[in-house]
J.: 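Structure incoming, see below.
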Amino acid sequence: MTSIARMFIDDQRERFADFRQRLLGVINQLSDEDLNWRPNPQSNSITNLILHICGSLTERYAHNIAGQPNTRNRTGEFDTAAQHSKSDLLQLIDDAFHIVNAVLTQMPHSTLFDTTQIRGRDRSILDLIATTSAHAAEHLGQIIYIAKIRLGPKYQYLLKI
């Protein structure tokens, strides 16, 4: 019999694998110019959003769950001068999503109710996993929207790589 904890963790691994595939499918349709484009100085580019997603995932999974040192530069994720190539962004995605999958694969079920500090608040690991999944989905939607603006009718929904 499968436990609810196992079902939750497996579901989250599948969700993150799907997010990764969808991100790669969108990014591979775009040029470096498209990835670094922003509609105005107050808005994020796809580059900023990917830096933010990857920074968040790495901090939450490598640091908050696995206990590694926190190397995140959250402010830098929103630098309006940030310019990255498609290959840089693809590598960042692979690295961050690899961390998520590795941590979820190795994580003992009993740790779901352990707590960690996030921005000065105690949060359960279960909550951390659920909220990072929702957070990634929200920003994936923004990335898809920007891609549709840039590509118009050339945009291919759920492009498989």
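Not measured: the values here are computed from a predicted model. Numbers here are sequence positions counted from 1.
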J.: Got a sec, which residues hit side chain to side chain donor-acceptor pair (under 3.5 Å) with S43, two or more places apart in sequence or on another chain?
T.: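 Only N40 meet the side chain to side chain donor-acceptor pair (under 3.5 Å) criterion with S43.
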J.: Checking Q142 now: which residues fulfil side chain to side chain donor-acceptor pair (under 3.5 Å) with it, not counting sequence neighbours?
T.: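 With neighbours one apart ignored, the set is H139.
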J.: Excluding sequence neighbours, so at least two apart, what forms ring pair (Phe, Tyr, Trp, His ring centres under 6.0 Å) with F78?
T.: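 Expected list: H52.
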J.: With salt bridge (charged side-chain N to carboxylate O under 4.0 Å, His left out) as the rule and sequence neighbours excluded, what pairs involving residues 81-93 come up?
T.: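 Counting only pairs at least two positions apart or across chains, no salt bridge (charged side-chain N to carboxylate O under 4.0 Å, His left out) contact touches residues 81-93.
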J.: Which residue pairs pass the salt bridge (charged side-chain N to carboxylate O under 4.0 Å, His left out) test with at least one member in residues 37-63, sequence neighbours excluded?
T.: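 Salt bridge (charged side-chain N to carboxylate O under 4.0 Å, His left out) check on residues 37-63 returns E59-R72.
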J.: Could you pull out the closest heavy-atom pair between A66 and V103, with the gap in Å?
T.: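 Smallest heavy-atom distance, with atoms named: CB-CG2, 4.2 Å.
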J.: Taking distance alone, no hydrogens or angles, what donor-acceptor pairs closer than 3.5 Å link side-chain atoms of residues 95-102 to residues at least two apart or in another chain?
T.:
residue : atom : partner : partner atom : Å
D95     : OD1  : Q91     : NE2          : 2.7
N101    : OD1  : R13     : NE           : 2.8
N101    : OD1  : R13     : NH2          : 3.2

J.: Quick test of your reading: applying salt bridge (charged side-chain N to carboxylate O under 4.0 Å, His left out), list the pairs with at least one residue in residues 105-122, sequence neighbours left out, ordered by first then second residue.
T.: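 Listed by first then second residue: nothing to list.
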J.: More than 12 non-hydrogen atoms from neighbouring residues, nucleotides or ligands closer than 6.0 Å to CD on E33, yes or no?
T.: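 Open.
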J.: Okay, side chain of T47, backbone of L35: is any donor-acceptor separation there less than 3.5 Å?
T.: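 Checking the backbone N and O of L35 against the side chain of T47, a donor-acceptor pair under 3.5 Å is found.
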J.: Just do the side-chain contact (heavy atoms from CB on, under 4.5 Å) check on Y61 and Q68 with the steps written out, would you?
T.: CA-CA 9 Å; Y61 287 82; Q68 297 175 11; over 6 Å; no
J.: A side-chain contact here means heavy atoms from C-beta on lying under 4.5 Å apart; do M107 and L112 qualify?
T.: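 In short, these two side chains touch, coming nearer than 4.5 Å.
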J.: Do any N or O atoms from the side chain of Q12 and from the backbone of S133 form a donor-acceptor pair under 3.5 angstrom?
T.: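 Here the side-chain-to-backbone pair does not exist.
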J.: When rounded to the nearest 0.5 angstrom, what is the spacing between CG in D79 and OG1 in T75?
T.: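 Going from CG on D79 over to OG1 on T75, the span is 9.5 Å.
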J.: Applying side chain to side chain donor-acceptor pair (under 3.5 Å), can you list everything that pairs with D32, at least two apart in sequence or on another chain?
T.: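 Testing D32 for side chain to side chain donor-acceptor pair (under 3.5 Å), a comparison that skips the adjacent residues, returns none.
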J.: With rounding to the nearest 0.5 angstrom, report the CG to CD1 distance, L30 to I46.
T.: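 Atom-to-atom, L30:CG and I46:CD1 are 5.0 Å apart.
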J.: What's the separation between atom CG in D11 and atom CD1 in I4, rounded to the nearest 0.5 Å?
T.: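 One finds 13.0 Å between CG of D11 and CD1 of I4.
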J.: Return a table of donor-acceptor pairs under 3.5 angstrom between the side chains of residues 143-153 and protein atoms on other chains or two or more places apart.
T.:
residue : atom : partner : partner atom : Å
R150    : NE   : D34     : OD1          : 2.9
R150    : NH2  : D34     : OD1          : 3.1

J.: Please enumerate all residues that pass salt bridge (charged side-chain N to carboxylate O under 4.0 Å, His left out) together with R74, with sequence neighbours excluded.
T.: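 Once residues adjacent in sequence are excluded, R74 has no partner under the salt bridge (charged side-chain N to carboxylate O under 4.0 Å, His left out) criterion.
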J.: Taking C-beta and beyond as the side chain, do I65 and I129 meet within less than 4.5 Å on heavy atoms?
T.: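 Answer yes - side chains close enough.
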J.: Checking D127 now: which residues fulfil salt bridge (charged side-chain N to carboxylate O under 4.0 Å, His left out) with it, not counting sequence neighbours?
T.: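 Checked D127 against salt bridge (charged side-chain N to carboxylate O under 4.0 Å, His left out); matches are R123.
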J.: Find the distance between CD1 (I93) and CG (L51) and round it off to the nearest 0.5 Å.
T.: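 Answer rounded to 0.5 Å: 9.5 Å.
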J.: Nearest 0.5 Å, please: how far is CD1 in I118 from OG in S124?
T.: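 Output value for this atom pair is 9.0 Å.
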J.: Looking at OG1 of T115 and CG of L126, how far apart are the two atoms once the value is rounded to the nearest 0.5 Å?
T.: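 T115 atom OG1 to L126 atom CG measures 12.5 Å (nearest 0.5 Å).
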J.: Which atom pair, heavy atoms only, marks the closest approach of G55 to E77?
T.: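 Looks like CA-OE2, 3.4 Å.
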J.: Excluding sequence neighbours, so at least two apart, what forms ring pair (Phe, Tyr, Trp, His ring centres under 6.0 Å) with F19?
T.: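 F19 satisfies ring pair (Phe, Tyr, Trp, His ring centres under 6.0 Å) with F16 only.
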